[in-house]
Number of protein chains: 2
Amino acid sequence: MSSAASDAGEQLRAKLASRRPTMKDVATLAQVSLSTVSRFVNGDPGRPELVARIQDAIDLLGYRRDLTASTLRRADRASASVGVLVADVGNPFFAAVLRGVEEVARARGSLTVAASSDEDPARERDLAAALIARRIDGLIVVPAAEDSSYLRPERQVGVPLAFIDRPPRFLDADTVLSDNAAGTATATRHLLDAGHSRIGFLGDRERIFTCAERLRGYREAIGTVDPALIRLELDEAGVEAATRSLLTLPDPPTALLTSQNLLTMGAIRALRRLGAQHRVALVGFDDIPLADAVEPSVTVVAQRPVDLGRRAAELLFDRIDGYDGPSRRMIVETQLIERESSHLRPRVSPQRAS
Amino acid sequence: MSSAASDAGEQLRAKLASRRPTMKDVATLAQVSLSTVSRFVNGDPGRPELVARIQDAIDLLGYRRDLTASTLRRADRASASVGVLVADVGNPFFAAVLRGVEEVARARGSLTVAASSDEDPARERDLAAALIARRIDGLIVVPAAEDSSYLRPERQVGVPLAFIDRPPRFLDADTVLSDNAAGTATATRHLLDAGHSRIGFLGDRERIFTCAERLRGYREAIGTVDPALIRLELDEAGVEAATRSLLTLPDPPTALLTSQNLLTMGAIRALRRLGAQHRVALVGFDDIPLADAVEPSVTVVAQRPVDLGRRAAELLFDRIDGYDGPSRRMIVETQLIERESSHLRPRVSPQRAS
DNA sequence: CTGAAAGCGCTTACAG
DNA sequence: CTGAAAGCGCTTACAG
């Protein structure tokens with residue numbers, strides 16, 4: 001770059017003060033038109049001579065393109081970002097889902113905007129609106145709301161949508177689910193095979209699809225259900241009391257099934273505190289860190305959360321790329337990881353032995 | 001709304017087909033000017049009569065404001081979103097950090113755009129550029145790069161910046177850190193007090209600030225350091241071999257210190273596999289799920305990742321709100337959570353006993 | 001209080 | 001290949 005141009009750059013830079021340089025500034029400094037800079041920035045170079053001037057001007061000014069302005073004007077309206085709405089980005093399960101989405105998005109040059117609904121339907125709606133107002137190219141939702149039809153207008157207008165972990169209700173859209181019922185059915189049969197007939201079920205909120213499905217798999221596999229053995233609406237703290245209460249029943253369960261990761265951790269702690277971890281069998285839904293290292297190690301129905309995220313992102317990008325066929329549903333298989341806690345044989349409980 | 005207006009709405013709706021309705025569509029349907037709709041949408045109502053017409057038109061069309069266009073034009077340029085760059089959104093530690101940031105951002109009406117650098121400096125730079133190109137109001141970074149000066153132009157131009165977990169190098173910016181060295185020093189003294197003199201240190205990458213600091217705390221507390229007891233550049237898989245190798249030294253360590261969550265989990269597994277978990281003491285940096293439920297339960301130096309995220313977000317929003325003072329550094333204290341694994345007394349190893 | 005007009009930073013036909 | 005001009009959806013002085 002000539003020293004004259006460099007001086008011009010310095011002057012322009014000073015003039016800009018703390019303003020972010022624009023494409024127009026680059027054009028002025030490089031002494032070309034705005035269109036030429038735009039074409040260059042978009043990968044349509046032009047004469048080598050001009051290219052060099054433009055690149056120098058960009059470097060000198062520290063120019064960064066404003067993608068929001070670009071999105072606004074371009075024909076395809078692509079913002080190169082997708083939104084993800086989960087219950088809690090801090091929960092390891094959803095964190096892994098998010099990671100799966102991000103991998104696929106990144107391979108496609110897209111960024112991921114994540115938000116936590118905290119299982120609050122109103123917050124979910126607000127966040128969905130906030131994401132869509134920012135012109136994301138598509139939205140992935142783990143629905144907290146029982147009714148996803150609030151997204152119908154967005155769908156109509158062509159915002160690609162995909163659901164993970166729980167299907168939308170009153171709305172037709174691509175969905176990726178774990179095989180929840182099959183997972184708990186397998187786990188339940190596994191416990192029945194080990195000789196357990198009284199199996200307790202510890203679940204979170206029945207209105208959440210995954211809990212309802214996992215309960216259904218348990219019910220179907222077990223045959224005759226004793227409602228006294230089912231405890232729902234639990235959180236990590238509530239599990240301890242529920243476990244204690246189950247184990248002090250006149251005819252207590254000899255095995256427990258927990259419906260999700262936080263409840264499994266709560267149940268592990270509760271059994272240990274009761275000194276019952278080697279007496280009462282346990283299977284948890286969703287694998288957890290160190291499940292293999294506690295004593296006894298804990299059998300789980302492992303999900304594949306990263307895959308859930310990846311698959312949903314793939315379905316979403318299909319739509320972003322123009323696929324307009326009927327909505328699809330994918331099931332990601334769960335896997336029973338047999339560890340020690342499910343190989344405990346049923347024993348007569350202390351109360352009954354006395 | 002009159003039926004004539006409603007008909008007009010239906011017609012406009014049909015005409016829009018699958019196009020997203022704009023403020024102009026609303027203005028046309030409500031028979032007011034664009035400015036009036038804009039003012040209404042921005043909370044400056046006007047005559048009740050017009051307000052009603054505008055609200056009806058918005059509802060009928062399913063109008064959603066385009067925030068990217070709004071950001072482009074408005075005086076303050078606020079996009080109501082902040083960016084966060086961590087090593088891996090799927091790692092529970094960073095997931096918790098993200099959650100903390102999101103809480104504060106949400107309270108401020110901002111969305112959070114998260115991305116994973118995977119400890120790759122080049123990717124970090126790309127992602128930072130991608131975020132800034134989307135006009136985020138501020139950027140929070142867990143730096144993978146050894147040199148953060150690539151962000152200087154952004155800083156110059158007024159993009160608020162905050163760093164978490166590791167300080168920026170060659171750049172002056174607000175930073176929130178755990179007291180890493182103090183944490184490992186406390187842990188080391190705790191082990192020394194229990195009678196251990198040979199304490200192994202298992203770390204990840206020394207070029208990462210947190211690892212270096214935690215190593216420093218260990219070195220300073222222990223006094224005379226035996227380099228044979230320090231193993232670095234480990235990942236979760238490599239920890240097992242490193243543990244085995246340490247324990248088969250002629251004069252093996254009687255206690256281990258691990259520098260982060262994944263390594264602690266690896267060490268727990270390794271010790272169990274070697275049958276050494278009740279013989280070799282262990283303290284991990286960063287708490288992990290079920291650390292309280294393994295046998296022996298694992299003593300840790302707990303960090304407060306959600307607080308790290310919150311504090312950094314608060315510093316960031318101060319800047320977004322216009323604070324322009326010198327950069328600040330906040331230390332979030334760690335806490336030694338004493339469990340069983342650090343209360344094991346040093347024992348002569350089997351080899352030496354034989 | 002309301003509306004016409006300019007313009008945010010960019011892309012994209014359209015001429016030359 | 002290059003440049004002048006229109007316009008994406010919105011906000012914001014400025015008149016009336």
Side-chain angles (χ1 to χ4, degrees), chain A residues 12 16 19-54 57-58 61-80 130 132-137 157-159, chain B residues 12 16 19-54 57-58 61-80 130 132-137 157-159:
Chain A
L12 198 51
L16 291 178
R19 179 166 72 73
R20 184 168 162 158
T22 70
M23 195 175 269
K24 201 173 155 214
D25 297 325
V26 173
T28 303
L29 180 57
Q31 305 186 60
V32 295
S33 77
L34 189 59
S35 328
T36 304
V37 178
S38 176
R39 276 189 296 264
F40 171 76
V41 164
N42 285 290
D44 178 3
R47 290 215 314 276
E49 191 188 322
L50 298 190
V51 164
R53 294 219 306 265
I54 295 169
I58 286 174
L61 293 174
Y63 169 71
R64 311 292 201 250
R65 179 156 60 140
D66 183 334
L67 259 189
T68 64
S70 167
T71 299
L72 182 61
R73 190 59 184 84
R74 58 186 319 134
D76 61 6
R77 283 305 171 75
S79 68
I132 286 167
R134 281 165 184 76
R135 284 215 156 279
I136 49 165
D137 298 330
V157 146
V159 178
Chain B
L12 198 51
L16 292 178
R19 178 167 72 72
R20 183 167 161 157
T22 69
M23 195 176 268
K24 200 173 156 213
D25 296 325
V26 174
T28 304
L29 181 58
Q31 304 188 60
V32 296
S33 77
L34 190 58
S35 329
T36 305
V37 178
S38 175
R39 276 189 296 264
F40 170 76
V41 164
N42 285 290
D44 178 3
R47 291 216 313 278
E49 191 187 322
L50 298 191
V51 163
R53 294 218 308 263
I54 295 169
I58 287 174
L61 293 173
Y63 168 72
R64 313 286 200 253
R65 180 157 57 141
D66 183 333
L67 257 191
T68 65
S70 167
T71 299
L72 183 60
R73 191 58 185 86
R74 56 186 323 137
D76 61 6
R77 281 305 170 77
S79 69
I132 286 166
R134 282 166 185 77
R135 285 210 156 282
I136 48 165
D137 298 330
V157 146
V159 178

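The basis for the numbers below is simple: all heavy atoms, side chains too, and nothing from hydrogens, waters or symmetry mates. Chain letters run A, B, ... following the sequence lines, proteins first, then strands; residues in each count from 1.
Under 4.0 Å is where a charged nitrogen must lie from a carboxylate oxygen, and between B:Arg134 and A:Asp66 no such pair does. A:Arg77 and A:Asp137 are not joined by a salt bridge, as no carboxylate oxygen comes within less than 4.0 angstrom of a charged side-chain nitrogen.
Where DNA chain D pairs in unbroken runs of 3 or more (Watson-Crick or G-U, both distances under 3.5 Å), the stems are C:1-3 with D:14-16, C:5-12 with D:5-12, C:14-16 with D:1-3.
A side-chain donor-acceptor contact under 3.5 Å links A:Thr71 to the backbone of A:Ala78. For the pair A:Arg53 (side chain) and A:Ala30 (backbone), a donor-acceptor distance under 3.5 Å is present.
Listed by chain and residue number, nothing satisfies the side-chain hydrogen bond (donor to acceptor under 3.5 Å, both in side chains) test with A:Asp44 (two or more places apart in sequence, or in another chain).
Taking both residues in full, the closest heavy atoms of A:Val37 and A:Val32 are given as CG2-CG2, 3.6 Å, listed atom of the first, atom of the second, then distance.
Under 3.5 Å, the side chains of B:Ser38 and B:Ser35 contain no donor-acceptor pair of N or O atoms.
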Would B:Arg74 and B:Asn42 count as a side-chain contact (heavy atoms from CB on, under 4.5 Å) if you check the C-alpha gap in whole Å, the side-chain angles of each, and the deciding distance to 0.1 Å? CA-CA 11 Å; B:Arg74 56 186 323 137; B:Asn42 285 290; 4.1 Å; yes
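Counting any heavy atom pair closer than 4.0 Å across all strands shown, A:Phe40 reaches no nucleic acid atom. Looking at heavy-atom distances under 4.0 Å, B:Leu50 makes contact with sugar-phosphate atoms alone, never a base. Residue B:Ser38 is classed as a base contact, given a heavy-atom separation below 4.0 Å to a base. A:Val32 comes within contact range of the sugar-phosphate backbone alone, with a heavy-atom separation under 4.0 Å but no base atom that close. Backbone-only engagement by B:Ser70 is indicated by non-hydrogen atom pairs under 4.0 Å involving sugar-phosphate atoms exclusively. Using a 4.0 Å heavy-atom distance criterion, B:Arg39 is classed as a base contact.
Nearest-nucleotide assignment on DNA chain C puts the 5′-proximal partner with B:Pro48, out of B:Arg74 and B:Pro48.
Bracketed by its first and final contacts, the part of DNA chain C lying under 4.0 Å from non-hydrogen atoms of chain B reaches from C:dC1 to C:dG9 in 5' to 3' order.
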